[in-house]
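This report concerns only the one structure given below.
Quick note: residue numbers are just sequence positions, from 1. No experiment lies behind these values; they were computed from the predicted model shown.
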Amino acid sequence: MNHFRSVLLRSSNFRLPRESHARVSSVALVQNVLQRSYSRYSPQYIEPVYRIEDLEKIKESGEFKERQFTPVKAALTNQTSSVFYDPLVTKFTNYIMKTGQRTLARDLINKTFENIKHTQLKKKQEAETQEEKDAIETNPVVVFHKAVQNCKPILQLTPVKRGGIRYQVPVPLTEKRSFFIAMRWLVEAGKDKYRDVRFSEQLARELLEAYKNEGRVVKKKQDLHKQCEANRAYAHYRWS
C-alpha cells in the first residue's frame, strides 16, 4: 500500500493539497484516485430524472423541494423526456443495429411498425361487427410490448458438471436476461426468411404472431420450458 501511495504521489495526473500530504490515509487516497479517474462529478451530484412519470412521483412524494438546490448530473444522450421515447424499443433497436448503423436500424423498426399498422387497420376494416373492430389493436408499440412479453422465457438450461458428467440444469432467469433472450429470438426469426422477403416484413409477421401468443418464437419458448420440465430432477445441482 505504501508503494501504491508513493506511485500515486509521483504521478503527474494526481494532485493533493500541500497540507494533506502527511495526514492523508491510504484508504482516502485510493477513494480520491478512483473518484478522479472514473467520475467527473463529486458525490453530492445526483442522477437526473428525465421521465415525466418519475417527475410526477417526486412531486407527489414531497421530495421535489429537497432536490431543488441539489446539483444534478448531465443526462445521457439516450435519455429524453419525449412522449415518443420508449426504452424497450430503443433497446430492441440496439439489438438490430450492426457496425454502429443506428439510422438503418431505426428505419427498419419504423418500417416494421408501419407494416404492423397497415395489417391491423386492414383487419379492422374487414371486421363485420363493432366488437371485432374494438378487439383489434392498431397501435404497433402496444403490439410490440405484448409480443415481447409473450416471448419471455422464465427458465433456461445451464450445464453443470458433477462426477465427470455434464448435466443440463434448469435455472430461473432474471428480468433483464429474459427480455434479452426474447428480443434476440425475435431478431433471429426476422432474419430467417426467403431472399425476396424484406426483414421489416418478416419481423412484422413474427411480432403479430407473438402478439397472439403464436408463431415460431413462442413455440421456441414453450420447447425450452418443456426441456426444463424434463430435466427438473437435476435442479438441486444448482446448490450442490
Verdict with reasoning, Val160 to Arg238, per side-chain contact (heavy atoms from CB on, under 4.5 Å): CA-CA 8 Å; Val160 176; Arg238 288 177 54 205; over 6 Å; no
Could you give me the CA-CA distance, side-chain angles and deciding distance for Leu108 and Leu203, then say whether side-chain contact (heavy atoms from CB on, under 4.5 Å) is met? CA-CA 9 Å; Leu108 291 173; Leu203 183 58; over 6 Å; no
Lys57 and Glu60: salt bridge (charged side-chain N to carboxylate O under 4.0 Å, His left out), yes or no, with the steps? CA-CA 5 Å; Lys57 292 179 181 178; Glu60 293 175 359; over 6 Å; no
What do the steps show when you test Tyr50 against Leu76 for side-chain contact (heavy atoms from CB on, under 4.5 Å), and what is the final call? CA-CA 10 Å; Tyr50 58 95; Leu76 301 178; over 6 Å; no
List the steps, then state whether side-chain contact (heavy atoms from CB on, under 4.5 Å) holds for Arg216 with Asp192. CA-CA 11 Å; Arg216 293 183 295 175; Asp192 187 11; 3.0 Å; yes
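With contacts defined as side-chain heavy-atom distances shorter than 4.5 Å, the pair Asn115/Arg198 does not qualify. Within the 4.5 Å cutoff, the side chain of Glu188 has heavy atoms near those of the Lys220 side chain. In this structure, Glu209 and Val218 have side chains that are not in contact, with every pair of non-hydrogen atoms separated by 4.5 Å or more.
A salt bridge does not link Lys123 with Glu126: every distance from a Lys NZ or Arg NE/NH1/NH2 to an Asp or Glu carboxylate oxygen is 4.0 Å or more. A salt bridge links Lys219 to Asp223: at least one charged side-chain nitrogen sits closer than 4.0 Å to a carboxylate oxygen.
Other residues, nucleotides and ligands place no more than 12 heavy atoms under 6.0 Å from the CZ atom of Arg106. Counted within 6.0 Å of NZ on Lys117, heavy atoms from surrounding residues, nucleotides or ligands total more than 12; the atom is thus considered enclosed. Counting heavy-atom neighbours within 6.0 Å of Phe64 CZ, excluding the residue itself, gives a total of 12 or less. The 12-atom threshold is not exceeded at NZ of Lys91, counting heavy atoms of other residues, nucleotides or ligands nearer than 6.0 Å. Counting heavy atoms of neighbouring residues, nucleotides and ligands inside a 6.0 Å radius, atom CD of Glu128 does not exceed 12 of them. Annotation: Tyr95, atom OH; neighbour count of heavy atoms from other residues, nucleotides and ligands within 6.0 Å is above 12.
Looking at every heavy atom in both residues, Arg205 comes nearest to Val197 through NH1-CG1, 4.0 Å. The nearest pair of heavy atoms linking Ser81 to Ile52 is O-CD1, 3.9 Å. Residues Leu155 and Leu224 come closest through the heavy atom pair O-CD2, 3.3 Å. Taking each heavy atom of Thr138 and Pro140 in turn, the nearest pair found is O-CD, 3.2 Å. Nearest heavy atom pair, residue Pro48 against residue Gln79, reads CG-OE1, 3.9 Å.
With rounding to the nearest 0.5 Å, the separation of CZ in Phe199 from NZ in Lys111 is 12.0 Å. Atom CD of residue Gln156 and atom NE2 of residue His225 lie 10.0 Å apart, to the nearest 0.5 angstrom. Here Ile165 contributes atom CD1 and Tyr234 contributes atom OH; the two are 8.5 Å apart, rounded to the nearest 0.5 Å. One distance of note links CG of Leu157 with CD of Gln227; it measures 6.0 Å at 0.5 Å rounding. The distance from the NZ atom of Lys65 to the CZ atom of Arg67 is 15.5 Å, given to the nearest 0.5 Å. Atoms OG1 and CZ, from Thr112 and Phe144 in turn, are 10.0 Å apart once rounded to the nearest 0.5 Å.
At a cut-off of 3.5 Å, with distance as the only test, a side-chain donor of Asp134 or Gln130 sits close to an acceptor on the other residue. Looking at Thr129 and Glu131, their side chains never bring a donor and an acceptor atom within 3.5 Å of each other.
Leu88 is connected to Ile96 through a chain of hydrophobic side-chain contacts under 4.5 Å among Ile, Leu, Val, Met, Phe, Trp and Tyr, so both are in one cluster. Under a hydrophobic-cluster definition in which Ile, Leu, Val, Met, Phe, Trp and Tyr are linked whenever side-chain heavy atoms come within less than 4.5 Å, directly or via other members, Val143 and Val141 are assigned to the same cluster. Residues Val89 and Met97 do not share a hydrophobic cluster, defined by chaining ILVMFWY side chains whose heavy atoms lie under 4.5 Å apart. Neither Val142 nor Leu207 shares a network with the other; the hydrophobic side chains, linked directly or stepwise wherever heavy atoms of I, L, V, M, F, W or Y lie under 4.5 Å apart, form separate groups for each.
In this structure, the side chain of Lys221 engages the main chain of Asn150 through a donor-acceptor pair within 3.5 Å. For the pair Gln120 (side chain) and Glu137 (backbone), a donor-acceptor distance under 3.5 Å is present. Between the side chain of Tyr41 and the backbone N or O of Ala74, at least one donor-acceptor pair lies under 3.5 Å.
Taking the ring centre of Tyr211 as origin, the terminal cationic atom of Lys146 falls inside the region bounded by 6.0 Å and 45° from the ring axis.
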Using residues 167-187 as the side-chain source, report each donor-acceptor pair under 3.5 Å to any protein atom, sequence neighbours left out, with the distance given to one decimal.
from, atom 1, to, atom 2, distance (Å)
Thr174, OG1, Arg177, N, 3.3
Glu175, OE2, Lys152, NZ, 2.7
Ser178, OG, Pro153, O, 2.7

